[in-house]
Amino acid sequence: MSDDRRKPFPFDVFEPQWQQRWLEEKIFRTPGPGDADFDASKPKYYILDMFPYPSGAGLHVGHPEGYTATDIIGRYKRMNGFNVLHPMGWDAFGLPAEQYAIKTGQHPRITTEANITNFRRQLQALGFAYDWDREVNTTDPDYVRWTQWIFLQLYASYFNEETGKAAPVTELEAQGWTPAQIDDVRLAYIHEAPVNWSPDLGTVLANEEIEEWKAKGHTVERRPLRQWMLRITKYAQRLIDELEPLDWPDSIKLLQRNWIGRSEGAEVVFTIGSAGLQPASKTPSGEAAASPDNQSLITDNCHEVTVFTTRPDTLFGATYMVLAPEHPLVAEITSAEHKDTVEAYIKQCASKSDLDRGDLNKNKSGVPTGAFATNPVNGQQIPVWIADYVMMGYGTGAIMAVPAHDERDFEFATKFELPVVQVIDTNLDAGGTPTLPSTGHGTAINSGFLDGLKTTDAKARMIAWLEENNKGTRKIQFKLRDWLFSRQRYWGEPFPLLWDRETGLHAALPESELPLLQPEMEDFKPTGDPRGPLVNATDWINYSDQYTRETNTMPQWAGSCWYYLRYCDPRNEQRFISKAAEHYWSGTSSLDHSSPIPGNQKSTGTVDLYIGGTEHAVLHLLYARFWHKVLHDLGHLSTSEPFQRLVNQGLILGEDGQKMSKSLGNVVNPDDVVDNYGADALRLYEMFMGPLEQVKPWQMKGVEGVSRFLARVWRVAFEQNQEGEWVTSSKLQGNDGAPPSTTPPGATANSDKALLKVLHETIKKVGEDIERLSFNTAISQMMVCTNAFTAAEKLPTDLLLSFLQILNPFAPHLTEEINKRLQGSVGVPPASQSGLLLSEKPWPPYDEQYLVQDTIELVIQVNGKVRAKLTVAPDTPKEQLEQLARDHENVQQHTAGKTIRKIIVIPGRLINIVAN
RNA sequence: GCCGCCGUGGCGGAAUUGGUAGACGCUGCGGACUUAAAAUCCGUUGACCUCACGGUCGUGCCGGUUCGAUCCCGGCCGGCGGCACCA
């Protein structure tokens, strides 16, 4: 087919040429501290994309959305004198590569390399101004080395409760702590607990990952295993508090806060009579003196159980107690007559999948243990049940049930006919019987010394009472759990740890032996052995006569937790990042100049602007913050947060308004769009679709629209001659002999004045719109300007050159090509004189003098409705405007028979006549 | 169920501080150029009434504040996202 004829301008020829030149001449190389051409006096701007996982499917149109946005901002900041760090890399470890390798028998390194090559080609075909010299790959041995080094920092640290910071465990050694005691506080520790084991994947998964893999059809079950954990819970409070000053969307902050799930309340200690005992005649036991945290056996017939509650003020309303089926005390307190039903129930719960346990929450189940607990506040004997609506993983795995004021307890109490005692009056004035359960605040009743107190005061009073009487303590509880950090995979960073064959103790691999890479293996299929496939690498495991190697590997999150740091100093062999690079790119070096960019003034976070999808709102962004804080505490980083400003791009839907998916056949391939319309058109369309953060559907007709716009820009500069060749447009007017300048000349003719006005309005608006990430309106304004240029009979070339300069960040290929082709004609100096590319030139200033208007249009309203329009000089006095408005024919018609009460004049906008 | 976000023409969207609703683009319609088509260019395109001047309605629905509300407040309806027995 006549493919060439369809191309409205020869993007297929010049786009690859420019991409090649940018690469070969390293136009977008970013010098940093230590480089000969580094200028430390320049302000820095660090703009970051969420690096992709290089899947076999290649780039998706969702990728270039965020990448184009950052590219525009990066190029714009560069033109404004910033030293811009805008890097790209690969999050290349991961289960899909390993699964694919198992299926095809090819080593994951080979497929990963092939995928990266494809991704790099696709990104380079879009003309992004990355500094490819800083490319980072998480599977690269030089990168793995420092991931493992950072893990060893965590391993060798503990959380000092007094300072609220991480510190080396050597401090504790000096204080005479034993190895076992130290292992109890390490930020990286080994723990045996029920985990999410996937038999067909042959690995454990983090809680956060379960859904993703289940959705892909894999099974996940609970199974107790020994796993490496990271003590992120120690940072729960700081992860909440230090979120506050960040320039992140409120919705994402909220998501993180909810995920961390802070609850204030109290722990309350109940005593439970031993198995078989019937409720004793009221004997409030006051002699328990053990720590409330310690649910230990006190005597042969007496146990203590601690519960967590956010409503200690309702303690008088606790009518029964529930333990999680997995609670360690269940077996001990269960009476002989209930033993069979309790054991059967526990078994039934264990076989339930997580899904069932969640789905069936409408229908509560449980069985009594036969034991009774003593309510510490009134000595009442209350029955102890077990039920799976109480979970072992949160709080203490036991609750006091207050059915009158908790929906779940109420439902349970109703089903099993347990007593309900109201202790909060939520509508004192109304007087009627309140509908229970009532979970709101109110006034305490039936509550002894709390009666009459408002909920907030009652809580405080009860906590004070509990603490005075050693029956409980104030407690802050978090939903966040420690991070399950080990995986039973081949394609991940091995843990740099050793096990002593004799003592069974673990130890760090010496730093000098990093990186520790996986051994070459033929077969890394899941073995069913929960130690993972590396267990089969017998030579590799045998470290020495004394030590064997740890066989677990790290999760994919490990590499993405710190990649933004490595970009600052990617080839450093001495450290994960040099001090100088860290300080400069974090904006904390003394050389850093105060900058007018809001995000650059405070140095809370290293990266000035981070753009990516919402899918990482909690996991990656929480993990990276945690690692950053540990490294900060240990003195390795000067900032306390990684990402100062965060923006989430909205999902791009298919043309049918549904999420793109292979099964729906609505997936748009970026390569096809580039082939048919060019890279500039794809970039521009993705920015023109709508606001960056919004979810929006793809429309191929819209791509054609922006392609037409680019063609119009091209035809402002060029026209086709008889032979069909593109030659300089006859409308372009060089200012003969006058020296070329970066700013347009003043108005030389009346016809130029309107063009100058629209150009300078455009320069102003596009700059402002880039700053506020409103790319769609910036493009809209550039279309307005182009339409004016197209309509003009004659156009001074300087105006076009200024326009190309501001369009360059959006459509870099087209603009460079036009600029180059115009050199040496129509008043443009030859390339030999001004060799700079547009991308290397400064952003043009706009001139206020061209923006002033001779006349303005005012709207005249009568009672808020537009009745007339008025064209006047901008400085027309108010009195005159009022008179003009009154005199207007149409206004008089609408005010006839009415009295004018008031005239409101909004300068430059409107006049509103209030009449009735 | 709880928390959060969003509802504007036939479609994507604009209106930046409460001040002309619908910029810009797509689609549709009419025209120019062409033997014809494509491409390009010009005009038009919220609904309704009117020959016209002009008028009425209109930003999910109902109400409020205001000279004036897409924007602020209260109550509903619908869609999307997150969490999901978190005590």
Side-chain angles (χ1 to χ4, degrees), chain A residues 2 5-6 8 249-255 257-259 261-263 265 307-311 314 322 357-362 364 387-391 393-402 406-409 411-412 477-481 614-615 617-618 651 657 685 688-691 693-706 708-709 711-712 715 720 765 768-769 772 774 776-784 786-787 790-791 857-869 889-890 893-894 901-916:
Chain A
S2 50
R5 229 181 57 182
R6 298 176 68 109
D250 287 338
S251 58
I252 300 297
K253 289 187 182 181
L254 194 70
L255 236 45
R257 252 185 263 119
N258 289 345
W259 190 265
R262 183 184 194 272
S263 295
V307 302
F308 172 72
T309 177
T310 55
R311 294 296 297 272
T314 62
V322 186
R357 209 163 154 168
D359 258 9
L360 297 174
N361 65 28
K362 284 275 179 334
K364 296 221 169 7
D388 68 356
Y389 84 92
V390 173
M391 291 165 301
Y394 181 74
T396 62
I399 63 155
M400 62 178 218
V402 186
D406 182 280
E407 285 176 20
R408 297 150 300 178
D409 297 345
E411 196 188 324
F412 192 80
Q477 190 65 242
F478 295 96
K479 276 200 276 188
L480 184 71
R481 319 280 168 89
T614 343
E615 66 271 20
V618 275
L651 196 67
Y685 173 64
F688 187 62
M689 290 173 83
E693 298 182 63
Q694 194 167 302
V695 177
K696 41 209 179 279
W698 185 272
Q699 293 184 326
M700 210 49 98
K701 282 285 184 190
V703 185
E704 281 179 34
V706 292
R708 270 201 283 269
F709 160 64
R712 279 162 78 91
R715 289 196 312 270
Q720 267 175 311
K765 180 156 175 61
E768 288 169 354
D769 283 353
R772 63 189 186 101
S774 180
N776 55 331
T777 53
I779 293 165
S780 160
Q781 180 63 38
M782 288 189 284
M783 288 172 167
V784 169
T786 303
N787 290 345
T790 300
E857 192 180 60
L858 287 185
V859 161
I860 307 173
Q861 296 181 338
V862 178
N863 292 332
K865 292 191 176 180
V866 180
R867 295 302 176 189
K869 289 178 181 177
E889 189 190 351
N890 206 31
Q893 270 180 28
H894 284 274
R901 303 289 176 191
K902 200 170 16 169
I903 300 183
I904 294 154
V905 178
I906 308 294
R909 294 268 183 190
L910 56 74
I911 301 157
N912 190 12
I913 298 171
V914 185
N916 59 13

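So you know, we letter chains A, B, ... as the sequences are listed, proteins then strands, and number each from 1.
- Of all non-hydrogen atoms in A:S263 and A:Y394, the two that sit nearest each other are OG-OH, 3.5 Å.
- Phosphate proximity of B:rG81 to A:T614: absent, as no side-chain N or O sits under 4.0 Å from OP1 or OP2.
- Between B:rA15 and B:rU8, the two P atoms lie 15 Å apart (nearest whole Å).
- The aromatic rings of A:F412 and A:Y389 sit tilted relative to each other, their planes meeting at an angle between 30° and 60°.
- Nucleotides B:rG19 and B:rG68, compared at atom C1', are 7 Å apart to the nearest Å.
- Following rounding to the nearest Å, A:M391 (CE) and B:rC83 (C1') show an atom-to-atom distance of 12 Å.
- With A:K696 contributing its side chain and A:Q694 its backbone, the two residues share a donor-acceptor pair below 3.5 Å.
- If you check every strand for non-hydrogen atoms under 4.0 Å, A:N890 touches sugar and phosphate atoms only.
- In this structure, CG of A:N863 is placed 11 Å from P of B:rC67, rounded to the nearest angstrom.
- Among all heavy-atom pairs drawn from A:A401 and A:D409, the shortest one is CA-OD2, 3.3 Å.
- More than 12 heavy atoms of other residues, nucleotides or ligands shown are found within 6.0 angstrom of CD on A:E857.
- Nucleotide B:rC5 forms a Watson-Crick or G-U wobble pair with B:rG79, both donor-acceptor distances falling under 3.5 Å.
- For the P atoms, the distance from B:rG82 to B:rG75 is 27 Å, rounded to whole Å.
- One finds the CZ atom of A:R867 at 11.0 Å from the CG atom of A:N912 (value rounded to the nearest 0.5 Å).
- The structure places CD of A:Q477 at 8.0 Å from OG1 of A:T396, a figure rounded to the nearest 0.5 Å.
- Separation of the C1' atoms belonging to B:rG28 and B:rC80 is 30 Å when rounded to the nearest angstrom.
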Interface polar pairs with nucleotides 2-9 of chain B, N/O, under 3.5 angstrom:
none

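- Of the C1' atoms belonging to B:rG9 and B:rG63, the separation is 26 Å, rounded to the nearest Å.
- Both A:R708 and A:T790 lie close to RNA chain B; mapped to their nearest nucleotides by heavy-atom distance, the more 5′-ward contact belongs to A:R708.
- One distance of note links CG of A:N863 with CD of A:Q861; it measures 9.5 Å at 0.5 Å rounding.
- Phosphate contact (OP1/OP2 of B:rG54, side-chain N/O of A:H894, threshold under 4.0 Å): absent.
- Position along RNA chain B of the nearest nucleotide to A:I913 versus A:A791 favours A:A791 as the more 5'-ward residue.
- Across all strands shown, B:rA14 remains unpaired; no Watson-Crick or G-U wobble contact has both distances below 3.5 Å.
- If you take CG of A:D406 and P of B:rG1, they are 17 Å apart, rounded to a whole angstrom.
- Distance CZ/A:R712 to CG/A:N787: 4.5 Å, rounded to 0.5 Å.
- Residue A:R715 contributes atom CZ, which lies 6 Å from atom P of B:rU40 at whole-angstrom precision.
- Atom-to-atom distance recorded for A:R257:CZ and A:L480:CG is 14.5 Å, nearest 0.5 angstrom.
- Contacts of A:D409 with the nucleic acid, taken as non-hydrogen atoms under 4.0 Å apart, are absent.
- To the nearest whole angstrom, the two C1' atoms, one in B:rC11 and one in B:rG22, are 13 Å apart.
- Look at NZ on A:K479: it is 6 Å from C1' on B:rC83, rounded to the nearest Å.
- The nucleotide whose nearest atom lies closest to any side-chain atom of A:R867 is, among B:rG55, B:rG25, B:rA87, B:rG55.
- Using atom P as the reference point in both B:rU27 and B:rC42, the two lie 15 Å apart (nearest Å).
- Rounded to whole Å, the distance from CZ on A:F709 to P on B:rC24 is 13 Å.
- By the neighbour-count criterion of 12 heavy atoms within 6.0 Å, atom CD of A:Q720 is densely surrounded, having more than that number from other residues, nucleotides or ligands.
- With its glycosidic angle within 90° of 0, B:rG9 is assigned syn.
- Atom CZ in A:R257 sits roughly 19 Å away from atom P in B:rG82 (whole-Å rounding).
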Practice problem: Give the B/S/- string for nucleotides 10-23 of chain B, one per nucleotide from 5' to 3', where a protein heavy atom under 4.0 Å of the base yields B, of only the sugar-phosphate yields S, and otherwise -. | Solution: -SBSSSB--BBS-B

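- Residue contacts shown for A:K701 are limited to sugar-phosphate atoms, with no base heavy atom under 4.0 Å away.
- Between B:rC29 and B:rG18, the distance separating the two C1' atoms is 38 Å to the nearest Å.
- Put simply, A:R712 has no side-chain N or O that comes within less than 4.0 Å of OP1 or OP2 on B:rU40.
- Across B:rC85, B:rC41, B:rC67, the shortest atom-to-atom separation from the side chain of A:V914 is found for B:rC67.
- For A:L858 against A:L910, the heavy-atom pair with the smallest separation is CD2-N, 4.1 Å.
- Under the Watson-Crick or G-U wobble criterion, with both distances below 3.5 Å, B:rA52 has no partner in any strand shown.
- Between the CD atom of A:E407 and the C1' atom of B:rC85 there is a distance of 10 Å, rounded to whole Å.
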